[in-house]
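Below you'll find the structure, written out as structure tokens, and then a few comments.
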Number of protein chains: 4
Amino acid sequence: MAGTKDGNGNGGAKPVAQRLLATATKLFAEQGYDRTSVQEIVDAAGVTKGALYHYFGSKDDLLHEVYGRVLRLQQERLDHFADADAPVERRLRDAAADVVVTTIENLDDTKIFFRSMHHLGPEKDKQVRAERRRYHERFRALIEEGQRAGVFAAGIPADLVVDYHFGSVHHLGTWYREDGPLSPQQVADHLADLLLRALRP
Amino acid sequence: MAGTKDGNGNGGAKPVAQRLLATATKLFAEQGYDRTSVQEIVDAAGVTKGALYHYFGSKDDLLHEVYGRVLRLQQERLDHFADADAPVERRLRDAAADVVVTTIENLDDTKIFFRSMHHLGPEKDKQVRAERRRYHERFRALIEEGQRAGVFAAGIPADLVVDYHFGSVHHLGTWYREDGPLSPQQVADHLADLLLRALRP
Amino acid sequence: MAGTKDGNGNGGAKPVAQRLLATATKLFAEQGYDRTSVQEIVDAAGVTKGALYHYFGSKDDLLHEVYGRVLRLQQERLDHFADADAPVERRLRDAAADVVVTTIENLDDTKIFFRSMHHLGPEKDKQVRAERRRYHERFRALIEEGQRAGVFAAGIPADLVVDYHFGSVHHLGTWYREDGPLSPQQVADHLADLLLRALRP
Amino acid sequence: MAGTKDGNGNGGAKPVAQRLLATATKLFAEQGYDRTSVQEIVDAAGVTKGALYHYFGSKDDLLHEVYGRVLRLQQERLDHFADADAPVERRLRDAAADVVVTTIENLDDTKIFFRSMHHLGPEKDKQVRAERRRYHERFRALIEEGQRAGVFAAGIPADLVVDYHFGSVHHLGTWYREDGPLSPQQVADHLADLLLRALRP
DNA sequence: TATGAATGAGAGTTCATTCAT
DNA sequence: GATGAATGAACTCTCATTCAT
């Protein structure tokens with residue numbers, strides 16, 4: 001009768017679907033999507049394959065869930081900072097720093113996202129690219145706004161600047177360690193600072 | 001060690017081993033290492049599996065050859081520019097621009113390198129990491145030299161600056177297109193410029 | 001307490017068991033028994049798996065219901081025509097034509113019957129074969145009666161004639177189309193006529 | 001050391017591909033295509049799954065090989081008898097009898113053919129239907145020729161007569177037993193006789 | 001040198017059935 | 001009566017690698 005499954009001998013308290021997704025995320029980030037077998041996922045989550053396929057249509061579906069989470073989160077946060085009532089330098093700095101913090105806080109998801117984008121089938125690929133582009137363009141608009149206002153250097157293609165900054169975000173998964181010398185916020189402040197300094201006229 | 005195996009009547013002009021490596025590189029870059037089967041490689045190269053296993057001990061060996069090529073090339077070029085007789089700003093700018101051009105000119109290799117590093121077994125991993133670190137440190141030394149000389153801003157951790165720049169290099173594989181509006185040299189100049197501007201005191 | 005299940009919010013008017021059987025029959029005929037999953041059946045019938053297993057012990061049970069229906073119906077009709085008070089030519093012609101019409105009118109059931117007989121387990125197989133044999137023998141008796149009476153050619157084994165005619169009945173599922181040029185009754189008349197002509201002395 | 005594989009402990013002397021096809025044919029005829037697993041086939045043939053997939057692209061491919069064999073054989077033989085230099089009654093009788101003998105001699109293949117036609121994918125289905133139609137039309141032409149010449153009854157649609165006869169051929173798989181009272185030739189003669197008698201004016 | 005048949009382990013997925021609710 | 005989450009076994013197919021020739 002109890003609504004939750006807490007306390008049964010099943011080895012995990014969380015609902016099965018959530019547990020599977022969390023487990024898959026961790027393993028995909030550690031080993032890569034292709035190197036992680038469905039069997040490993042279900043073993044680690046303490047269920048059987050049938051259970052996984054009850055909740056997810058395929059192994060790919062698990063990946064898409066992660067993608068969706070990352071894309072939604074980042075778009076929301078960018079919109080929030082870009083719409084703020086503040087000078088464009090402030091808005092760009094805040095947005096640039098926030099994406100760094102958010103990325104570090106969800107480093108597993110982000111690693112998977114950047115490493116596995118090429119696994120998408122054609123339709124899903126279209127869709128994800130469209131969402132990526134929307135994000136990219138919102139960011140670029142901020143830079144162009146500053147360039148028109150004369151507060152950012154005008155000689156550099158705004159598109160390239162976006163990729164410049166996102167390169168450093170993308171790269172975080174390669175080098176950032178939780179036990180390193182810098183907190184997420186410190187890394188974020190430094191990277192945002194580098195971006196703003198580079199844009200000084 | 002023998003450089004060439006020319007002279008067989010196999011139907012392709014290049015020596016078999018070279019043709020296999022080139023084919024594998026292309027396919028790995030397009031589809032990923034795990035998604036590319038040995039059968040695909042030998043079919044595309046116009047040879048049989050036996051031939052591949054005659055020249056390479058395993059599929060992994062092909063990957064390591066690519067790694068080796070990338071690492072050797074980039075280290076050589078960095079050493080060349082860092083050792084030049086010029087002010088540190090010049091040396092850093094040249095090195096930073098050159099790694100961009102070199103990366104774009106070998107984009108397939110670089111894509112494979114960044115995407116597949118996590119496939120390495122423990123021993124090979126150690127070795128590759130050591131070479132990467134050596135490269136990283138050489139680059140960092142340039143930045144620290146500039147900071148000590150007062151020509152670069154001192155408040156920013158030099159390590160972070162290296163990753164900042166390499167993020168944008170790493171990211172090239174994601175967005176750079178041969179038929180885009182910017183030539184490799186133009187992209188390189190812009191990215192080096194952004195780095196140097198960010199480092200202005 | 002209500003005899004019917006009309007009026008519940010379930011979306012279908014017929015009792016659940018009947019709806020399941022009708023749906024299963026249609027799908028088995030279209031796709032074959034093995035290619036039709038229990039999930040497909042319950043989805044198409046608008047119920048859940050639990051409901052199916054409440055009414056039927058197994059997927060095989062659904063098949064047996066179809067068999068039973070076909071066998072019972074055909075035996076009844078054959079008995080009816082064979083017992084009539086008419087010359088043997090008339091009785092055979094009527095029976096031969098009727099099985100054609102009845103088969104076409106229940107073409108789904110008949111397709112399933114002929115295609116899936118080999119799915120039966122040993123016990124059920126015995127039982128079905130026994131009923132088939134009874135039917136076959138009743139039909140054969142008519143032919144032998146005519147042969148003894150001298151109205152049918154005597155040189156042909158009666159068993160073979162039965163299989164000859166049933167071949168054409170069995171085959172109907174392969175070629176008969178509702179929208180073809182001949183009505184069920186026309187097909188039946190032609191096939192019965194062919195049989196009677198073949199039996200002319 | 002022996003060049004052939006005779007006498008090794010492998011369990012079979014024939015080339016692997018032939019052995020696989022023969023084994024699959026037998027099992028498909030006995031149990032049906034869907035009920036026969038690839039594992040059963042390779043176990044019975046004394047090889048491993050990899051070997052099967054080395055020679056055949058898929059389980060379906062095995063089926064298509066059987067189809068191809070049946071279609072080719074029957075078309076050749078029909079053409080042979082229909083093109084003969086003899087009165088039309090003779091040519092029809094010979095063709096009708098021959099298809100019976102050929103079917104019985106390849107009863108496994110024929111069972112599979114008739115039972116599994118609905119497993120074909122859309123493209124293969126088109127192709128097989130086209131070949132079937134060609135066969136059907138050749139046979140029908142013989143009947144129409146006889147009807148025009150006045151040696152066969154004219155009132156019966158020739159298409160229906162073809163299906164009438166092929167029904168009895170199709171049905172052979174259901175009842176014919178090697179150890180029954182009639183030889184293949186005897187069955188063939190009886191069935192051809194029934195057809196010709198039915199066609200008498 | 002080079003072949004390609006064959007292996008064997010494991011991949012992702014499906015499915016009839018059960019059972020606590 | 002009816003649900004649907006979960007099982008567990010079986011399914012087709014893939015693949016890196018080996019080895020007799």
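Within every chain, numbering begins at 1; the chains are lettered A, B, ... in the order of the sequence lines, protein sequences first and strands thereafter.
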Rounded distance [0.5 Å steps], [atom1] in [X] versus [atom2] in [Y]:
X	Y	atom1	atom2	answer
C:Phe28	C:Ser116	CZ	OG	8.0 Å
C:Arg69	C:Ile112	CZ	CD1	8.0 Å
A:Leu21	A:Lys26	CG	NZ	13.5 Å
D:Arg115	D:Thr110	CZ	OG1	11.0 Å
A:Glu30	A:Thr25	CD	OG1	11.0 Å

Check your understanding: Relative to the 5' end of DNA chain E, which residue comes earlier, C:Thr36 or A:Val38, by the nucleotide with the nearest heavy atom?
Key ->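 Result: A:Val38.
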Exercise for review: Take C:Glu40 and D:Ala17, find for each the nucleotide of DNA chain E with the closest heavy atom, and name the residue whose nucleotide sits nearer the 5' end.
Suggested key: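 Checking each residue's closest nucleotide, the 5'-ward one belongs to D:Ala17.
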Can you measure [X] atom [atom1] to [N] atom [atom2] for me and round it to whole angstrom units?
X	N	atom1	atom2	result
D:Arg35	F:dT12	CZ	P	13 Å
A:Asp34	E:dG10	CG	C1'	14 Å
B:Phe56	F:dT18	CZ	P	16 Å
A:Gln18	F:dA5	CD	P	15 Å
D:Gln39	E:dA11	CD	C1'	15 Å
D:Leu20	F:dC13	CG	P	14 Å
A:Leu52	E:dC15	CG	C1'	15 Å
D:Leu62	F:dT12	CG	P	11 Å

I'd like a table of atom pairs between the protein and nucleotides 8-10 of chain F - only N or O on both sides, under 3.5 Å - with the distance next to each one.
none

Check your understanding: Out of F:dA6, E:dT17, E:dA6, which has the shortest distance to the side chain of A:Tyr55?
Key ->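 Of the options given, the side chain of A:Tyr55 lies nearest F:dA6.
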Check your understanding: In terms of side-chain heavy atoms of D:His54, which of F:dT12, E:dG12, E:dA6 is nearest?
Key ->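 Side chain of D:His54 sits closest to E:dA6.
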Practice item. Quickly, which of B:Phe113, B:Tyr33, B:Phe114 forms a ring-ring contact (aromatic ring centres under 6.0 Å, His included) with B:Tyr67? Name it, please. Key: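 Of the listed options, the one satisfying the test is B:Phe113.
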**Study point:** Distance below 4.0 Å between A:Tyr53 side-chain N/O and E:dT13 OP1 or OP2
**Key:**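 For E:dT13, OP1/OP2 do have a side-chain N/O of A:Tyr53 under 4.0 Å.
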Practice item. Any salt bridge (charged side-chain N to carboxylate O under 4.0 Å, His left out) involving residues 35-51 of chain A? Give me the pairs, sequence neighbours left out, ordered by first then second residue. Key: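 Applying salt bridge (charged side-chain N to carboxylate O under 4.0 Å, His left out) to every pair that reaches into residues 35-51 of chain A, excluding sequence neighbours, yields A:Arg35-B:Asp34.
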Check your understanding: Counting distance only, does the side-chain N/O of B:Arg132 pair as donor-acceptor with the main-chain N or O of B:Leu71 below 3.5 Å?
Key ->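 Absent.
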Check your understanding: Taking the same atom, C1', in E:dT1 and in F:dT21, what whole-Å distance lies between them?
Key ->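 Taking atom C1' in both E:dT1 and F:dT21, they lie 13 Å apart.
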Practice item. For DNA chain F, list all stems, counting runs of three or more consecutive pairs where every pair is Watson-Crick or G-U wobble with both distances under 3.5 Å. Key: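 When the pairs of DNA chain F are grouped into runs of at least three, the stems are E:2-21 with F:2-21.
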Exercise for review: Please figure out whether D:Ser58 or B:Lys59 has its closest DNA chain F nucleotide nearer the 5' end.
Suggested key: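 Looking at DNA chain F, the more 5' nearest nucleotide goes with D:Ser58.
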Check your understanding: Just checking, any donor-acceptor pair under 3.5 angstrom between side chains of D:Asp61 and D:Tyr55?
Key ->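 Result is no, nothing qualifies.
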Point to revise | Considering all heavy atoms, the nearest C:Leu20-C:Ala45 contact | key: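 Result for this residue pair: CD2-CB, 3.8 Å.
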